[in-house]
Amino acid sequence: MCGRFAGGVETDELIEEFVVAGNALRDWRPRFSIAPTDAVPIVRERAAASGEVVRSLEPAEWDFHPPFLTAKSRPQFNARIETIATNGLWKSAFAGNRCIVPMSGYYEWTGEAGDKQPHFLHGERPILAAAGLATARKVGDEWVVSCVVVTREARDASGEVHPRMPAFLPREAYDEWLSPAKLGSDAERQRMLQLLEAVSAEVAATVTGYEVDRRVNNTRAVDPADPTLIEPLAR
């Protein structure tokens, strides 16, 4: 996954899909070109003071930045499934702060530098649920939430365009992936990895794609609110 996706879904649709009880995403509008460091919607669960687990829809920076990371040379927007349980940057969030990053699809490119052709990859349903990891750090007086998308080896149509893709979750895996209960043992972490590997392989088999206009290549010039960015290229 090269680092761009579309979130062309209204807030109400996200609330309905993920059955969230809380919504802090008041200013979200569908965007069809989302790049690293942009604000994105995420779904996550946390235990309230009462002990009740609340599922919320909230904004996060697509650039994973835990409190202990004092300096970064580049955005951290993808985390490989092969290392999320062991890499020091990801393992704490994998153990207890997993999230979902909703997408309507994502972009990949083929061709040589200077002559790149974008492709839009999407699933059978309007919303794809990418497995993600979340973290929060204090900036001034406020907590800033950030996230990363978990990636895996690509399959089927996605594999024809790029060797990596997001690890997507089916609806029946939402509850288990979002559970805030900490994965405290190697066995628990391994079981969660096996679950993600299995269910994301099933979703990967449903992903298809098509070429889109090269306007999407330039993140600075393109209008991210333009829904025609994800229309198939006319031939």
Side-chain angles (χ1 to χ4, degrees), residues 7 9 11-26 28 39-69 76-103 127-139 141-152 166-200 202-203:
V9 185
T11 301
D12 288 349
E13 296 174 90
L14 295 174
I15 292 172
E16 182 178 354
E17 171 69 19
F18 297 104
V19 196
V20 300
N23 172 26
L25 206 67
R26 300 173 187 88
W28 172 255
V40 300
I42 65 168
V43 180
R44 63 174 179 159
E45 289 186 353
R46 288 176 292 168
S50 63
E52 178 188 10
V53 173
V54 178
R55 182 176 297 182
S56 63
L57 180 65
E58 57 190 285
E61 294 178 351
W62 187 24
D63 179 10
F64 193 83
H65 193 158
F68 62 80
L69 192 62
Q76 303 285 348
F77 54 92
N78 289 340
R80 298 172 69 93
I81 190 174
E82 295 88 348
T83 61
I84 56 174
T86 55
N87 185 297
L89 188 58
W90 321 119
K91 65 180 183 180
S92 178
F94 172 66
N97 203 2
R98 296 174 300 280
C99 68
I100 287 174
V101 183
M103 304 178 180
I127 300 175
L128 286 166
L133 308 175
T135 187
R137 70 189 189 281
K138 200 78 174 287
V139 178
D141 295 329
E142 296 185 0
W143 285 98
V144 176
V145 178
S146 59
C147 68
V148 67
V149 171
V150 179
T151 66
R152 56 159 294 133
F168 293 118
L169 299 159
R171 281 176 172 162
E172 57 268 24
Y174 291 175
D175 291 352
E176 192 162 1
W177 178 256
L178 290 174
S179 172
K182 191 172 182 65
L183 305 175
S185 68
D186 289 343
E188 289 174 322
R189 291 187 287 272
Q190 188 60 35
R191 183 183 59 78
M192 184 65 77
L193 282 175
Q194 291 172 346
L195 169 73
L196 181 57
E197 172 66 36
V199 299
S200 64
E202 293 175 6
V203 180

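In this chain, numbering begins with 1 at the start of the sequence shown. Quantities reported herein were computed from a predicted structural model and do not represent experimental measurements.
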Basic-acidic side-chain contact under 4.0 Å: Lys182, Glu188: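 No.
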To the closest 0.5 Å, what do you measure between [atom1] ([X]) and [atom2] ([Y])?
X      : Y      : atom1 : atom2 : answer
Glu45  : Ser56  : CD    : OG    : 8.5 Å
Arg152 : Glu82  : CZ    : CD    : 8.5 Å
Leu195 : Trp177 : CG    : CH2   : 8.5 Å
Arg191 : Leu183 : CZ    : CG    : 7.0 Å
Ile100 : Leu57  : CD1   : CG    : 11.0 Å
Lys91  : Ile84  : NZ    : CD1   : 13.5 Å

Neighbour count >12 (heavy atoms, 6.0 Å) for atom CD, Glu142: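 Counting other residues, nucleotides and ligands, CD of Glu142 stays at 12 neighbours or fewer.
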Heavy atoms of other groups near Glu197 CD, more than 12 under 6.0 Å: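 More than 12 within 6.0 Å, yes.
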Residue pair [X] / [Y]: nearest heavy atoms and the distance that separates them:
X      : Y      : result
Val148 : Ala79  : CG2-N, 3.5 Å
Arg44  : Leu178 : CA-CD2, 4.0 Å
Gly88  : Phe68  : O-CZ, 3.7 Å

Val149: which of Phe168, Phe64, Trp62 passes side-chain contact (heavy atoms from CB on, under 4.5 Å):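 Option passing the side-chain contact (heavy atoms from CB on, under 4.5 Å) with Val149: Trp62.
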Residues forming a side chain to side chain donor-acceptor pair (under 3.5 Å) with Glu13, sequence neighbours excluded: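 Residues passing side chain to side chain donor-acceptor pair (under 3.5 Å) with Glu13: none at all.
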Would a 4.5 Å heavy-atom cut-off, applied to side chains only, mark [X] and [Y] as touching?
X      : Y      : result
Leu133 : Ser92  : no
Glu176 : Val199 : no
Asn87  : Phe94  : no
Leu169 : Leu196 : yes

So, [X] side chain and [Y] main chain: donor-acceptor pair closer than 3.5 Å or not?
X     : Y      : value
Arg55 : Val19  : no
Trp28 : Ala39  : no
Arg98 : Ser179 : yes

